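Data first, discussion second: the structure below is written as structure tokens.
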Amino acid sequence: MATIKRLGVLTSGGDAPGMNAAIRAVLLTAASYNIEVVGFKHGYIGLLEQEYKTLMPQHVQNIIQRGGTILKSARCPALQTPEGPKIAAATLHQLDIDALIVIGGDGSFRGALEIAKHYQGQIIGVPGTIDNDVDGTDNTIGYATAIDTALDAIDKIRDTADAFERIFLVELMGRHSGFIALSAGIAGGAEQIICPEFGTLSAEDLRRVITPIQHAQLLMGKASYIMVVAENSYPGGTTALADALTQAIGIECRACILGHIQRGGSPVGADRILGTKLGAYAVEQLLQGAHLQMAGEVNGEVSLYPLAKTGERTKAIDPFLVRWQQQVGSA
């Protein structure tokens, strides 16, 4: 077993429900091995500016149900400078940190890889992002909660869309990945889903969106119609797309942009369990000597995946659901 006396942990990038569960699991697991845990605040900024505190069991009481992260999070442009990773590594050495756990997405993991070039200790990642776009794990911490948050909004919008027989465009996060849009769209019974994996949408090919709407009108008459749209899917945004559709088909289309509401809220059970599982597993694997790996879950089993490969390729959304949605959406 590796000798680890002092362990560092931080949350980086966009916050995700369940990050607190992961922090809690890291602390409680480390404590069972008599390992001291140092929490760095505001992501990598805490490393560069030496903003940290020693975590004790009382610090993680009553946090598993809370959204956000008790360690706070932030983007850190300074880490992308030539000196940034060196300063971060120097802080870890100065504080005698034997290993570091980074909870975040692929961008956070790239930062960890840069720090590793100058750091003598071990580093392991835990995937925390609502986008679920990290390769090497079936689900990331926060993804399940984001789906439920989006689904709750879609269900409520459906009620008013049905009452007024209107077309609503619901914009969800995921400018580079359609995981949330596809899952929430299918679960919410959306008539159309627009996301990166279905191809880009320009003003010139609106017909691809209009034809299914007109077909639905022929079959059902004037009725509610929900389109789930991943952010940045149309030039000018979803509001511009709604305006263009209104002009093209003569039926009022409304855009509803959920924005950062998808990141907040109490984590659902699946994210609390996943955060706990991966946080604990990360500590145990560090003790087994793991370095530059990510703690993930594949087919229900915890496993390690090279940190350098987590963002190497675009993680594919469920091909069966893609095919099915395209089939029924164009029927």
Side-chain angles (χ1 to χ4, degrees), residues 4 7-31 33 35 37-44 46-47 55 60 63-64 66-73 92 97-113 115-116 121-146 263 267 270-298 300-311 315:
I4 298 176
L7 171 66
V9 61
L10 61 84
T11 51
S12 174
D15 59 300
M19 280 184 166
N20 280 329
I23 295 170
R24 175 179 178 271
V26 167
L27 186 281
L28 296 180
T29 306
Y33 289 101
I35 299 172
V37 176
V38 174
F40 291 94
K41 301 192 73 175
H42 303 108
Y44 289 119
L47 278 177
L55 296 179
V60 298
I63 70 167
I64 195 169
R66 290 167 53 186
T69 159
I70 62 167
L71 292 177
K72 312 301 180 184
S73 189
L92 293 171
I97 304 295
D98 300 305
L100 176 68
I101 294 178
V102 175
I103 305 171
D106 63 319
S108 301
F109 295 161
R110 285 194 297 272
L113 290 168
I115 292 173
Q122 299 164 247
I123 295 179
I124 196 166
V126 172
T129 168
I130 67 170
D131 292 330
N132 198 35
D133 58 352
V134 177
D135 209 11
T137 184
D138 290 340
N139 294 311
T140 57
I141 298 167
Y143 172 55
T145 305
R263 283 191 186 165
D271 278 326
R272 300 183 196 194
I273 293 168
L274 183 62
T276 299
K277 194 174 184 179
L278 297 187
Y281 183 66
V283 174
E284 291 180 352
Q285 290 305 300
L286 282 171
L287 289 170
Q288 295 299 319
H291 178 47
L292 297 184
Q293 300 287 316
M294 181 192 74
E297 183 185 55
V298 178
E301 297 290 334
V302 285
S303 60
L304 294 178
Y305 191 78
L307 209 58
K309 292 186 176 182
T310 55
K315 183 178 177 181

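Since the model is a prediction, treat every value here as computed from it, not as a measurement.
Of the listed residues (V134, I124, L304), just one forms a side-chain contact (heavy atoms from CB on, under 4.5 Å) with M294, and that residue is V134. Each of L287, L100, L286 was compared with L7 under the side-chain contact (heavy atoms from CB on, under 4.5 Å) criterion, and only L286 meets it. Of the residues N20, T145, N139, the one that meets the side chain to side chain donor-acceptor pair (under 3.5 Å) test with D271 is T145.
Nearest approach of G68 to D15, heavy atoms of both residues: CA-OD2, 4.0 Å. Contact detail for A146 and I130: the closest heavy-atom pair is CB-CB, 3.7 Å. When all heavy atoms are compared, the tightest approach of S108 to S12 is OG-OG, 2.9 Å. When all heavy atoms are compared, the tightest approach of A112 to V102 is CB-CG2, 4.2 Å. In terms of heavy-atom proximity, M19 sits nearest to I141 at N-CG2, 3.8 Å. Shown here for V126 and A282, the closest heavy-atom pair between the two residues is CG2-CB, 3.8 Å.
We find the OG1-CD1 distance between T129 and I103 to be 13.0 Å, quoted to the nearest 0.5 Å. Residue L55 holds its CG atom at 10.0 Å from CZ of F40, rounded to the nearest 0.5 Å. For the atom pair T29 OG1 and I101 CD1, the distance stands at 8.5 Å (nearest 0.5 Å). Atom CG of residue L71 and atom CD1 of residue I23 lie 4.0 Å apart, to the nearest 0.5 angstrom. In this structure, CZ in R24 is found 11.0 Å from CD1 in I70, a value given to the nearest 0.5 Å. Q288 contributes atom CD, which lies 9.5 Å from atom OH of Y281 (distance to the nearest 0.5 angstrom).
Distance alone, capped at 3.5 Å, is enough to place a donor-acceptor pair between the N132 side chain and the T140 backbone. For the pair T137 (side chain) and A295 (backbone), a donor-acceptor distance under 3.5 Å is absent. The backbone N or O of P267 sits less than 3.5 Å from a side-chain atom of R272, completing a donor-acceptor pair. For the pair K315 (side chain) and D133 (backbone), a donor-acceptor distance under 3.5 Å is absent. Not one N or O on the side chain of H42 forms a donor-acceptor pair closer than 3.5 Å with the backbone of S73. Of the possible donor and acceptor atoms, none in the side chain of E297 sits under 3.5 Å from a partner among the backbone N and O of D138.
No more than 12 heavy atoms of other residues, nucleotides or ligands lie within 6.0 Å of NZ in K72, so this atom counts as exposed by the packing criterion.
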Does the pair I64 and T276 meet the rule for a side chain to side chain contact (heavy atoms under 4.5 Å, CB included), with working shown?
CA-CA 9 Å; I64 195 169; T276 299; 4.0 Å; yes
Determine, stepwise, if the pair Q285 / V302 fulfils side chain to side chain contact (heavy atoms under 4.5 Å, CB included).
CA-CA 11 Å; Q285 290 305 300; V302 285; over 6 Å; no
Stepwise, does the side chain to side chain contact (heavy atoms under 4.5 Å, CB included) test hold for D135 with Y305?
CA-CA 9 Å; D135 209 11; Y305 191 78; 3.5 Å; yes
If you apply the rule side chain to side chain contact (heavy atoms under 4.5 Å, CB included), what do you find for Y44 with I115, and how did you get there?
CA-CA 10 Å; Y44 289 119; I115 292 173; 3.5 Å; yes
